[in-house]
Structure formats: structure tokens, C-alpha cells
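Keep in mind the model is a prediction, meaning the values are calculated, not measured.
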Amino acid sequence: MFKRIWTVSIIFLLIVNGIYADLKINDEEAWNIEDVLKQEYAGSFDISPDGKWGVWVKRSPNQEVDKLVGHIYKTSLKDSTEIQLTRGEKSCRNPKWSPNGELIAFMSSRGDEDSKTQIWLLNAKGGEPYKLTSLEKGVQDFEWFNNDEIFFTAREDQYLLEKELEEKDDKSIVVGD
């Protein structure tokens with residue numbers, strides 16, 4: 001347990017040091033709103049079961065979509081090797097190693113423009129991620145149970161009353177007196 005906490009702390013310090021080293025702001029230059037908006041953030045750290053790799057999310061501003069977009073990175077805990085695992089305009093978040101270290105599961109709404117957040121799987125050695133879930137309302141959170149099973153929470157699909165109201169296109173608001 002102590003080794004895991006120590007490792008996460010070291011990864012966090014390395015990432016933060018790298019991000020702030022790129023800023024190169026000295027005492028003579030004051031931060032302005034542009035500097036604040038262009039900041040990058042690191043989070044959602046998870047260590048591989050063998051303790052050799054860490055996965056994490058780097059969020060940075062994407063001017064094309066005018067929002068912060070998070071991508072998953074894999075970083076060696078032995079040297080400074082860093083590999084970007086995801087790309088695109090859609091954010092990825094909450095990466096977690098499978099218990100055997102062969103897969104990385106994460107959440108994203110990648111795919112169609114109207115897609116809800118789903119669970120995606122990625123081979124730890126690389127390759128294209130593939131969608132694990134296809135739920136109408138999307139996934140809220142997940143956790144690995146074993147190498148082959150994932151528990152997740154999600155809102156159930158539309159129930160009968162919701163479907164009937166949608167079919168009627170009923171937009172009325174009931175107000176009590």
C-alpha cells in the first residue's frame with residue numbers, strides 16, 4: 001500500500017514539474033487571463049498491477065471546440081517514457097487498469113456527436129480503443145471486478161411514462177395553486 005501511494009506521489013510530482021516547467025514565467029511577467037485559460041491539468045492517476053506503468057488524464061484547452069479536452073497518457077515509472085493513448089475532440093476520463101494489466105478501461109463520449117458517455121477498452125500495448133457499452137443514457141461510473149468483468153452504474157433506459165410524454169410531445173408544466 002505504501003509503495004502504491006509513494007509511486008502515485010512521484011508520478012504526480014513529475015507531471016506537475018513538467019507542466020510548470022513549460023510555462024517559463026518569471027517574476028517580471030504577470031499572469032494574465034490567457035495564461036490561466038491555456039493551463040493544462042493532470043489527474044485520474046492509476047498504477048498498473050506490476051507497478052511499472054501509470055495511466056493518467058491530461059486535460060488541455062482545445063480551441064476548435066472551445067473547451068478542455070482530456071486525453072489518456074501512459075507513463076513509465078522507471079524512466080521518463082510517456083505515450084499518448086487517445087486523441088480527438090472528445091474527452092476521455094477515469095482510466096483504470098484491468099487486474100492482470102492487459103487492458104485499460106476508460107469513459108468517453110467518443111463516436112457519434114450525440115453519444116452518451118460509455119466504457120471503452122484499450123489494449124495496454126496500444127491500438128484503437130473499442131466500445132464496451134452502448135447504453136441509451138450512458139454510464140456514470142465503473143470499477144473492474146476481475147479480468148473479465150466490470151461493474152458499472154448507469155441510469156436505466158426510458159421508462160413507459162417518459163416514452164408516452166415524449167410521443168405526445170407534452171411540454172406543459174404543472175403548477176400547483
Check Leu135 against Lys116 and note the closest heavy-atom contact, atom names and distance.
O-CB, 4.5 Å
May I ask you to decide if Thr81's main-chain N or O and Ser76's side chain share a donor-acceptor pair within less than 3.5 Å?
no
To the nearest 0.5 Å, tell me how far Thr117 OG1 sits from Gln140 CD.
10.0 Å
Given 3.5 Å as the limit, does a donor-acceptor pair link the side chain of Lys74 with the main chain of Ala124, or not?
yes
Side chain Ser98, main chain Leu103, donor-acceptor under 3.5 Å
yes
Would you name the heavy atoms of Val139 and Ala154 that are closest together and state the gap between them?
CA-CB, 4.1 Å
Distance check, rounded to the nearest 0.5 Å: Asn94 atom CG versus Asp141 atom CG?
5.5 Å
Looking only at heavy atoms, what is the nearest atom pair of Gln118 and Gly138, with distance?
NE2-CA, 3.8 Å
Under 3.5 Å, side chain of Asn100 to main-chain N/O of Asn147, donor-acceptor pair present?
no
In terms of side-chain heavy atoms, does Glu82 have a donor or acceptor partner in Tyr73 at a distance below 3.5 Å?
no
If we ignore angles and hydrogens, is there a donor and acceptor under 3.5 Å between the side chains of Trp53 and Thr75?
no
Taking a hydrophobic cluster as the set of Ile, Leu, Val, Met, Phe, Trp and Tyr residues connected by side-chain heavy atoms closer than 4.5 Å, whether directly or through intermediates, do Trp144 and Met107 fall within one such cluster?
yes
May I ask you to say whether Lys96 pairs ionically with Glu143, meaning some side-chain N is under 4.0 Å from a carboxylate O?
yes
Do Thr86 and Trp120 come within less than 4.5 Å of each other through their side chains, counting heavy atoms only?
no
Can you give me the closest heavy-atom contact between Arg87 and His71, atom names plus distance?
C-CE1, 3.2 Å
Full working for side-chain contact (heavy atoms from CB on, under 4.5 Å) between Leu122 and Phe106
CA-CA 8 Å; Leu122 177 65; Phe106 63 93; 4.1 Å; yes
Testing the basics here: between Ile150 and Ala105, what is the closest heavy-atom pair and its distance to 0.1 Å?
CD1-CB, 4.2 Å
If you round to the nearest 0.5 Å, how far is OG of Ser109 from CZ of Arg93?
8.5 Å
Looking only at heavy atoms, which two atoms of Lys125 and Asn123 are closest? And how far apart?
N-OD1, 2.8 Å
All ring pair (Phe, Tyr, Trp, His ring centres under 6.0 Å) counterparts of Tyr130, not counting sequence neighbours:
none
Hey, does Ser91 have a side-chain heavy atom less than 4.5 Å from the side chain of Leu68?
no
What distance separates Ile119 CD1 from Ser134 OG, expressed to the nearest 0.5 Å?
10.5 Å
Spell out, yes or no, whether Trp97 and Leu85 are grouped together once hydrophobic residues are joined by side-chain heavy atoms under 4.5 Å, including indirect joins.
yes
Show your working on side-chain contact (heavy atoms from CB on, under 4.5 Å) between Ile47 and Lys52 and close with a plain yes or no.
CA-CA 8 Å; Ile47 307 299; Lys52 295 179 181 177; over 6 Å; no
Can you find a pair of side-chain heavy atoms, one from Ser44 and one from Trp56, that are under 4.5 Å apart?
no
Using a 6.0 Å cut-off, check whether atom NZ of Lys137 has over 12 heavy atoms from anything other than its own residue.
yes
Please examine the side chains of Pro129 and Arg110, heavy atoms only from C-beta on, and report whether any two atoms are closer than 4.5 Å.
yes
Is the closest side-chain heavy-atom distance between Ile72 and Gln84 below 4.5 Å?
no
